[in-house]
Amino acid sequence: MVPRAHSSLNGRVGFSFFQGDTMSERYNPTEIEAKWQKRWLDDALYRTDAADARPKYFVLDFFPYPSGDGLSVGHARNYVPTDVIARFYRMRGYNVMHPMGFDAFGLPTENAAIKLKVNPADLNEKYSANYIRQFKLLGLSYDWGRVFNSSHDSYYRWTQWIFTRLFNSWYDPRLDKARPISELEAELAAHGTGRILDAIDKTPEQIGAIARTVPRIDAAAWTAMARREKNAFLMQFRLAFRNESVVNWDPVDKVVVANEEVDAQGRAWRSGALVERKTLKQWNFRITAYANRLTRDLDTVNWPQRIVTMQRNWIGKSEGAEVDFSVAEGAAAGERIRIYTTRPDTLWGATFMVLSPEHPLVARIVTPAQRAAVDAYVEKAGARSDVDRSDVSKEKTGVFTGAHARNPVNGEAIPIWVADYVLMTYGTGAIMAVPAHDQRDFDFARKFGLPVRRVIQGPGAASSDGAEMEAAYAEHDEGDGHMVNSGPLNGMDTAHALSAAIDFVEDIGAGQRRVNYKIRDWLISRQRYWGTPIPILHTPDGEVSVPDEQLPVRLPSVQHYEPTQTGESPLAALPEWVNQPGGRRETDTMATWACSSWYFMRFADAHNDERIFDPTQVNYWLPVDMYVGGAEHAVLHLLYARMWTKVLYDLGIIDFIEPFKSLRNQGMILAPEPREVDGRMVYEKMSKSKGNVITPDDVVATHGADALRGYELFISDFSQTVPWNTNGVPGVRRWLDRVWRIVLSPEEDRGAPATMGARELRRIAHQTIQRVERDFDAFAFNTSVSALMEYTNALFKARDAGLTGMPEWAEAIDILVRLIAPIAPHMAEELWQRMGHSYSIHKGVSWPTADAAAAREDEIEVPVQVNGKLRDKVVVAADADEAAIKAAAIAAPGVQRFVGDKPLRQVIYVKGRLVNIVI
RNA sequence: GCCCAAGUGGCGGAACUGGCAGACGCGCACGACUCAAAAUCGUGUUCCUCCGGGAAUGUGGGUUCGAUUCCCACCUUGGGCACCA
C-alpha cells in the first residue's frame with residue numbers, strides 16, 4: 001500500500017490515489033495528529049496577534065488546578081468546546097485570544113507533597129507539565145507563548161501588588177468607590193469620621209463600606225492618636241484588613257476557610273471535614289463594601305440564570321429599617337437596643353424582643369433572678385456548632401432575661417428574651433418579635449406562652465384576635481389587607497404601611513431606613529506554606545505593607561512545611577525569614593482565590609516584569625468574552641474575581657467593571673458503569689480512588705484526538721451531566737472515517753443507486769453552514785456534530801447519484817472540510833493540504849459563507865392533518881399561495897379517505913408548516 | 001421546608017417562536033462481501049394491531065383546530081439555600 005497524497009490540477013477536488021489494484025489509504029489519526037501538532041507548535045500557529053483592526057474575542061477556560069491525576073475525559077468536556085469556539089472565531093476573522101495557565105498554589109498539591117515527602121514546587125512543575133502534554137494531545141489551540149503559573153514569583157509578585165493596593169485603599173460611601181487610604185487620613189485630620197458616618201446613614205446601601213465598629217470621632221481625636229493607634233483605627237476601613245473574628249476552622253487541613261468554602265451542612269469544600277468555630281486574628285477582604293455593586297451589576301452579564309440567582313442569594317440584599325428600642329428598667333435603663341427589621345409596618349405588633357446569646361447587652365440587663373438560667377443558656381449556645389444551631393428542624397430554645405424593653409412607637413414595655421435563632425452576625429444581633437406576622441416568632445411565642453397581637457388584617461373575615469391564629473400571617477404586599485392595633489397606621493391598606501411606618505419612625509427619631517446583606521467579609525489568610533505570602537510587615541507602629549520595589553516577598557524554601565496544630569503557618573518557624581529590619585513578616589499565605597481573582601487580566605500581557613500589565617493591552621482584550629467552567633464556582637471564584645475587578649476599576653488600573661461578559665457551565669461526565677450504592681444503581685463521578693477514570697490518553701491512542709473531540713461534543717447537551725459511553729467514540733470515529741473516504745476516494749465503493757440533483761446538493765451544503773453556525777453560537781455542539789453527520793450522509797447519497805464530477809461536488813467537499821475544522825482540526829488540516837490548499841486552514845479567514853439563495857428550498861413538504869391527526873403530506877412549490885396549498889391538502893388521498901363528503905368546519909394553514917382540516 | 005432545573009425508545013439525545021414526536025449516534029436484528037472473522041456496505045428497529053388504524057414525551061387535569069412546548073396539581077431525580085429578622 002503506497003499512500004500518495006497529491007492535489008489534482010485545475011482546482012478540481014476529485015482524487016485518484018491508487019493505482020491499479022492498491023487499496024486506498026486509510027485514515028490514520030495517530031500519524032497525522034502527531035505531524036500537525038508538531039508543525040503547529042513549531043510555527044506558533046495559534047499565537048495571539050497584537051491588537052489590530054479586527055474585532056477581538058477572548059475565550060477562556062476556568063484556571064485549572066494541576067493535580068497528580070492528570071486530565072480525564074470529563075475535564076475535556078470543558079476544554080474541547082472552548083477550543084471549538086476559539087477556532088470558529090479565528091476562522092471568521094476575529095483576533096482571538098485563547099490562553100492557558102495554572103492555578104498552582106494550594107492545599108491538594110501541598111498535601112500530596114507532604115505525603116510523598118517532596119517539595120510542592122517540584123510536584124507542581126511535574127503536574128503542570130503533564131497537563132500541558134495532555135492539552136497538546138487534544139490538539140487544543142492555546143497560545144503557549146502566554147502560559148504562566150501562579151506559584152512562580154513572576155506572577156505572585158503581582159498578586160501581592162494587588163494585595164497592597166487593597167490594603168492601602170478604603171471605600172468611600174459618598175463616591176461609592178475605593179480610594180487611597182492617604183485620602184482617608186487627610187479627611188480624618190480635617191473632619192474626623194463624622195461626614196463618612198453621616199453618608200452611610202443617608203445611603204443605607206453603603207452599610208458595608210467600613211467596619212460597623214467605627215466610632216464617631218472628631219479631627220482632634222484623630223490627630224491626638226499615636227501612629228500605632230492610627231494604624232489600628234485604619235484597619236476598620238482598609239479593603240484588606242486584619243481583625244479578630246469567629247472563623248471556620250478545618251481540623252483536617254488545619255487551616256481556616258472562607259464562608260463560601262463551607263456548605264450548608266457545615267462541611268469544608270475541599271476536605272469535607274466539619275468545620276469548627278475558632279476566634280482568630282485573620283486577614284479579610286472587605287467584599288461587603290462591594291455588596292451593592294456586586295448585586296446590581298449582575299444585570300449586565302450574560303450568565304446562566306441559576307448562577308446569577310445563587311450570587312444574588314449569597315449576597316442576600318434586604319431592605320428595611322433599624323429601630324431603637326430601649327431598656328425599660330434596671331441598671332441599664334434607657335440604654336438603646338437597636339434592631340433590624342424588614343417589616344417596620346409590624347412594629348405595633350411586637351410582643352417581645354429577642355437578643356442573640358452573643359449580644360453584649362445580655363449580661364448587663366439580666367435580672368438577678370434570671371441570671372443563672374441565662375448564663376447557662378448562653379454557655380450552652382456557645383458550645384453548639386453553627387450547623388446545629390441553624391438546624392430548622394429542631395425546636396426553638398430560649399430563656400427570659402427578666403428585663404423589659406420599651407417599644408418606641410407605642411411606649412409599651414415588652415419582655416426581652418435570649419434565643420439562639422437570632423444570629424449575632426446578621427443585622428444588629430437583636431430583633432423585635434412579631435409573632436402574628438413572622439412564623440419563627442410565632443413558633444417561639446407559642447412554645448413559651450407569649451402573647452400574639454395581630455396588626456395586619458388580611459383579606460377575608462379572619463379573626464383579629466391574635467390568640468386564635470394558627471400560623472403567622474406574613475403577607476404584606478397582597479393589597480387587600482389593612483392595619484389594625486397600630487396607632488397612627490390604623491386602617492391604612494397594607495401596600496402603603498411599610499413606607500408610612502418608616503416615615504413615622506424617622507419622624508420620632510427612633511430609627512431609619514436600612515439595607516442589610518447576608519454576605520460577610522472574605523477571609524483570605526491561610527496557615528499553610530504553599531501559597532502567596534501576604535506582603536505585610538508587623539512593626540511597632542502596626543501593620544504596614546511591603547513597598548512595591550521590595551516585591552515579591554518570596555516564599556522561602558523550607559525543609560518542613562507540615563501544618564501546625566496551633567493555627568500558625570509553617571513559615572513562622574523560620575526566624576531568619578520572619579525577622580526583618582523593620583519588624584516581623586506576616587507568616588500566613590493567601591488562599592488561591594486571590595491568584596485566580598485576576599489571572600484572566602494577566603493573559604493580556606503575560607510576561608511583563610515592569611508592571612502588572614500594559615493598560616492598553618488589558619483594556620483591549622478584557623473583559624473575557626466567553627468564560628467556561630463548572631458551576632461549583634458560583635459563589636467562590638466568580639464572586640471574588642468580580643470584586644477584584646471592581647477594586648482595580650475604582651483605582652483606575654483598568655477600565656471595565658465586570659470581568660466575564662458571557663459564562664457557560666459544562667455538565668459533568670460520570671463513570672460509564674453504574675454501581676450499586678445503598679441499594680440503588682448510580683453513576684459515580686470519575687475518581688482515581690474508585691478506579692473508574694477514563695483518560696484522554698487512552699482514547700486518543702485508539703481513536704485519535706479528533707474522534708475524542710467529536711464525541712466530547714456529541715455526547716449530550718453541553719450543560720448536561722452524563723455518563724461516559726465507551727461505545728460513543730467509535731461511533732464518531734466511524735463518521736470521521738466516512739469523511740476521510742468521501743473527500744479522498746469518493747469513487748471507491750458505491751451504495752445503492754440514489755437520486756439527487758446538483759441544486760439539492762448545493763442547498764444541503766449551504767443549509768449545513770447555517771445550522772453549524774447557529775449551533776456553535778448557541779453552544780449546541782451536539783447538534784452541530786449531528787448536522788455534519790447528516791451532511792456527510794448526504795454526500796454519500798450524492799455520490800451514489802453520480803454527482804462527483806460536478807462543480808457543486810467540489811464546492812460541497814470544500815465546505816465539508818472547512819466546517820469540520822473547529823471540531824476535527826487535524827483531519828481538516830490534512831485534507832486541506834491534500835486538496836492542494838496552502839497551509840493552514842486554521843490561519844486566516846477560512847470559514848465558508850452561506851449563500852442564502854442556495855440554501856432556500858424550492859419545494860416544501862406540507863403535512864396535512866384532519867382534526868389534528870396526521871393523514872397525508874403534499875409537496876408544493878415554496879412560493880405557492882395559501883389557497884393552492886389548502887386545495888392540494890384537501891385533495892390529498894389520505895385526507896379524502898377521512899373527509900369524504902363531510903362539510904369542512906375550518907381549514908387552518910400555518911405558513912410553510914402544516915394544514916389542519918377540521919371536520 | 002423554600003427556590004431553581006430536568007423527566008421523551010433498550011441507551012445518549014433531537015424537535016427553531018404552540019404545528020410531521022423520536023433527527024443524529026450507540027446498541028440490537030437481519031442481509032451483502034468473506035472459507036471465516038474484523039472492517040465496510042445495505043435494510044429494519046417506540047408500543048399495540050383484526051394492517052384500516054390506535055396509543056404514546058413522569059402522573060392527573062385544563063387551555064387550543066392542534067401541547068414534549070402554555071397553565072394548575074402531584075410524583076421522581078439533580079442542584080442551590082436552609083431560623084438572615
Side-chain angles (χ1 to χ4, degrees), chain A residues 26 263-265 304-307 309-310 313-314 316-318 320 339-343 346 354 387 389-394 396 419-423 425-434 438-441 443-444 516-520 631-632 634-635 667-668 682 710-711 714-717 719-732 734-735 737-738 741 748-752 771 774 778 780 782-793 796 861-873 897 905-919:
Chain A
R26 294 196 36 193
D263 70 12
Q265 282 72 46
Q305 191 50 52
R306 48 192 283 262
I307 303 289
T309 306
M310 280 167 70
N313 290 344
W314 187 259
K317 180 176 179 175
S318 81
I339 59 108
Y340 173 70
T341 177
T342 55
R343 295 294 307 279
T346 63
V354 185
V387 186
R389 276 177 66 163
S390 64
D391 187 347
V392 289
S393 62
K394 295 208 171 120
K396 292 197 173 21
D420 65 5
Y421 79 94
V422 173
L423 311 173
T425 46
Y426 183 79
T428 59
I431 62 159
M432 66 166 183
V434 185
D438 181 289
Q439 191 59 42
R440 296 156 300 187
D441 299 343
D443 295 343
F444 194 84
N516 254 312
Y517 304 95
K518 278 161 64 171
I519 190 169
R520 314 220 202 117
E632 68 275 12
V635 292
M668 258 188 312
V682 292
Y711 186 60
F714 186 64
I715 187 167
S716 173
D717 180 82
S719 60
Q720 215 65 47
T721 292
V722 66
W724 186 253
N725 176 357
T726 320
N727 292 318
V729 181
V732 174
R734 269 196 285 278
W735 166 57
D737 280 332
R738 282 161 63 77
R741 290 203 312 272
E748 192 164 276
D749 43 30
R750 288 195 171 273
R771 287 174 69 181
R774 197 184 60 214
N782 54 340
T783 50
S784 70
V785 175
S786 298
L788 289 167
M789 286 173 167
E790 285 182 61
Y791 181 45
T792 307
N793 293 344
F796 273 86
E861 190 190 53
V862 180
V864 185
Q865 297 181 337
V866 177
N867 288 344
K869 285 199 162 67
L870 182 70
R871 296 304 180 191
D872 210 336
K873 293 175 185 184
R897 195 165 58 221
R905 303 223 321 226
Q906 202 182 350
V907 180
I908 294 154
Y909 172 60
V910 183
K911 196 171 182 329
R913 286 302 203 159
L914 100 171
V915 177
N916 188 13
I917 297 163
V918 186
I919 55 174

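Quick note: numbers below take in every heavy atom, side chains included, and nothing from hydrogens, waters or symmetry partners. Note on naming: letters A, B, ... go to the chains in the order of the sequence lines (proteins, then strands), and numbering restarts at 1 for each one. Model, not experiment: these values are computed from the prediction.
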B:C65 and B:C50, which share atom name P, separated by this distance in whole Å
36 Å
Using the C1' atom as the point on both nucleotides, what is the distance between B:U77 and B:U59, in whole Å?
15 Å
How would you label the contact of [X] with the nucleic acid (heavy atoms, under 4.0 Å): base, sugar-phosphate, or nothing?
| X | value |
| --- | --- |
| A:Ile715 | sugar-phosphate |
| A:Val910 | base |
| A:Gly427 | nothing |

Return one dot-bracket line describing RNA chain B 5' to 3' (Watson-Crick or G-U wobble pairs, both distances under 3.5 Å; ( ) same strand, [ ] crossing, | another strand, . none).
(((((((..(((......[....)))((((((.......))))))(((....)))..(((((..]....))))))))))))....
Check: A:Asp441 side chain, A:Val434 main-chain N or O, donor-acceptor pair, under 3.5 Å:
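Such a contact is found between A:Asp441 side chain and A:Val434 backbone.
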Sequence neighbours excluded, which residues qualify as side-chain contact (heavy atoms from CB on, under 4.5 Å) partners of A:Asn867?
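Listed in chain order: A:Val918, A:Ile919.
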Just so I know, are the side chains of A:Ile431 and A:Tyr421 near enough to count as touching, which here means a heavy-atom distance under 4.5 Å?
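Result yes, sub-4.5 Å side-chain heavy-atom pair found.
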What is the minimum heavy-atom distance between A:Tyr711 and A:Gly728, and which atoms define it?
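The pair with the smallest heavy-atom distance is CE1-CA, 3.3 Å.
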Which is more 5' along RNA chain B, the nucleotide nearest A:Ala787 or the one nearest A:Tyr421? Just name the residue.
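Closest to the 5' end, via its nearest nucleotide, is A:Ala787.
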Considering only heavy atoms and no angle criterion, is a donor-acceptor pair shorter than 3.5 Å present between the side chain of A:Asn916 and the base of B:C65?
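Donor-acceptor pair under 3.5 Å: yes.
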